[in-house]
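Values below: every heavy atom of this structure, side chains too, minus hydrogens, waters and symmetry copies. From a predicted model like this one, the values you see are computed outputs, not experimental measurements.
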Amino acid sequence: MNIQDMMQVRTEKQKAVQLIGFQGYNLEDQHKLFEQMKQNFNAITTKKSENQYLVILPGLFPLVAVEVNETNDVPEGMTTYIIPEDEYVIFRFEEKYIGDFWSSICTEENQAKYNIDLSKPRYEIFTSSLQPTGVTEWYFPTNT
């Protein structure tokens, strides 16, 4: 099986997104960060929606956050981050292929094929229309 055959790929210009959430120190922290967000979700008074973001920052630091209207009122222990406006390649696939996706997408060949820039933040949005139906979308910025 080839992961390229199991996913849909599109490119879109995305506006900047203001976030408030919890940042970790390595990729393994993400589960702990989602639990922290669950426990502190209502403390974020300026959130735009219930959707959560998993952002992988340069250096592979995870951030679990929600989109907000403003970043003035940041609850204790949380941080702010702005996903920059950019052109993104969006990979959509069934969650059961997540291992195949990660083992193939970060190769030099696929970085060149899809024109993705792994030195910039990439992210996934957790929505009621994606993960509950077994679908994932990852947003990777392009080389500009």
Side-chain angles (χ1 to χ4, degrees), residues 3-4 6-95 97-144:
I3 187 64
Q4 318 309 347
M6 303 308 211
M7 65 183 178
Q8 299 169 359
V9 181
R10 68 185 191 278
T11 303
E12 292 180 5
K13 180 83 169 181
Q14 299 289 316
K15 293 183 179 185
V17 179
Q18 296 183 95
L19 301 171
I20 292 178
F22 293 100
Q23 184 177 336
Y25 298 100
N26 59 58
L27 293 177
E28 290 76 36
D29 289 344
Q30 63 184 292
H31 302 293
K32 174 181 72 173
L33 298 174
F34 276 108
E35 186 58 36
Q36 282 181 288
M37 180 57 70
K38 181 179 175 183
Q39 293 173 4
N40 295 279
F41 191 76
N42 291 329
I44 304 171
T45 59
T46 58
K47 59 186 164 287
K48 284 180 119 174
S49 74
E50 303 288 310
N51 298 340
Q52 295 183 32
Y53 286 68
L54 170 60
V55 183
I56 306 301
L57 304 171
L60 300 179
F61 298 109
L63 172 75
V64 172
V66 294
E67 184 176 6
V68 295
N69 293 311
E70 59 182 55
T71 58
N72 296 339
D73 186 21
V74 181
E76 186 176 334
M78 293 189 192
T79 189
T80 63
Y81 183 77
I82 297 176
I83 297 173
E85 179 176 315
D86 209 335
E87 182 177 82
Y88 288 84
V89 178
I90 304 163
F91 298 94
R92 181 185 179 100
F93 54 91
E94 290 182 62
E95 283 187 357
Y97 299 119
I98 192 82
D100 296 316
F101 174 77
W102 284 116
S103 65
S104 69
I105 202 60
C106 294
T107 64
E108 287 183 23
E109 177 185 342
N110 281 329
Q111 288 177 54
K113 178 179 180 177
Y114 296 110
N115 193 33
I116 58 176
D117 185 347
L118 295 180
S119 70
K120 297 178 185 177
R122 53 197 179 269
Y123 63 94
E124 177 181 8
I125 307 171
F126 290 78
T127 72
S128 60
S129 63
L130 289 174
Q131 288 76 15
T133 63
V135 176
T136 294
E137 286 188 348
W138 268 97
Y139 293 68
F140 284 78
T142 60
N143 286 304
T144 50

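Smallest separation of non-hydrogen atoms from Ser119 and Pro58: O-CG, 3.3 Å. The two residues Ile20 and Met78 have their closest heavy-atom pair at CG2-SD, 3.7 Å. Val74 and Thr71 get closest at one heavy-atom pair: CG2-O, 3.3 Å. For the residue pair Ser128 and Asn51, the shortest heavy atom distance occurs at N-OD1, 4.5 Å. Arg122 and Leu118 get closest at one heavy-atom pair: NH1-O, 3.5 Å.
Counting heavy atoms from C-beta on, the side chains of Asn40 and Pro75 never come closer than 4.5 Å. The shortest side-chain heavy-atom distance between Tyr81 and Leu57 falls under the 4.5 Å cut-off. Residues Phe140 and Gln111 are not in side-chain contact: their nearest non-hydrogen atoms beyond the backbone lie 4.5 Å or more apart. For the pair Leu27 and Ile56, the minimum side-chain heavy-atom distance is below 4.5 Å. The side-chain heavy atoms of Ile44 and Met37, taken from C-beta on, include a pair separated by under 4.5 Å. Looking at heavy atoms from C-beta onward, Ile116 lies in side-chain contact with Ile105 at the 4.5 angstrom threshold.
At least one donor-acceptor pair under 3.5 Å links the side chain of Thr142 to the backbone N or O of Glu87. Listed for the Lys120 side chain is no donor-acceptor partner under 3.5 Å among the backbone atoms of Asp117. Here the side chain of Gln39 pairs no donor or acceptor atom with the backbone of Gln36 at under 3.5 angstrom. With hydrogens and angles disregarded, no donor-acceptor distance shorter than 3.5 Å links the side chain of Lys48 to the backbone of Gln18. In this structure, Gln131 contributes its side chain and Ile125 its backbone to a donor-acceptor pair below 3.5 Å.
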Next on the checklist: Run Phe41 and Lys47 through side-chain contact (heavy atoms from CB on, under 4.5 Å) and show every step you take.
Outcome noted: CA-CA 9 Å; Phe41 191 76; Lys47 59 186 164 287; 3.2 Å; yes
Checklist entry - Under the side-chain contact (heavy atoms from CB on, under 4.5 Å) criterion, do Val64 and Phe126 qualify, and how do the steps go? => result CA-CA 10 Å; Val64 172; Phe126 290 78; over 6 Å; no
Item to check | Criterion side-chain contact (heavy atoms from CB on, under 4.5 Å) on Leu63 and Tyr53, from CA distance to verdict | outcome: CA-CA 8 Å; Leu63 172 75; Tyr53 286 68; over 6 Å; no
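Shown here are the side-chain contact (heavy atoms from CB on, under 4.5 Å) partners of Thr107, two or more places apart in sequence or in another chain: Glu109, Asn110. Annotation: salt bridge (Lys or Arg N to Asp or Glu O under 4.0 Å) contacts of Lys113 (sequence neighbours excluded): none. Residues satisfying the side-chain contact (heavy atoms from CB on, under 4.5 Å) test with Gln14, not counting sequence neighbours, are Glu12, Tyr88, Ile90, Tyr123, Tyr139. Annotation: salt bridge (Lys or Arg N to Asp or Glu O under 4.0 Å) contacts of Lys15 (sequence neighbours excluded): none. In this structure, the salt bridge (Lys or Arg N to Asp or Glu O under 4.0 Å) partners of Glu137, at least two apart in sequence or on a different chain, are Arg10, Arg92. Scored by the salt bridge (Lys or Arg N to Asp or Glu O under 4.0 Å) test, Glu35 finds no partners at all (sequence neighbours excluded).
With values rounded to the nearest 0.5 angstrom, Glu124 atom CD is found 8.5 Å from Gln30 atom CD. Of the inter-residue distances, the one linking Ser104 atom OG with Trp102 atom CH2 reads 10.0 Å to the nearest 0.5 angstrom. To the nearest 0.5 Å, atoms CG (Leu60) and CG (Asn26) are separated by 9.5 Å. Taken from CG in Asp86 to CG in Asn143, the straight-line distance is 9.5 Å, to the nearest 0.5 Å. Interatomic distance, Glu94 CD to Asp100 CG, rounded to the nearest 0.5 Å: 11.5 Å. The structure places CG of Asn72 at 8.0 Å from OG1 of Thr46, a figure rounded to the nearest 0.5 Å.
Aromatic ring pairs are classed by plane angle as parallel below 30°, tilted from 30° to 60° and perpendicular above 60°; the pair Phe91 and Tyr114 is perpendicular.
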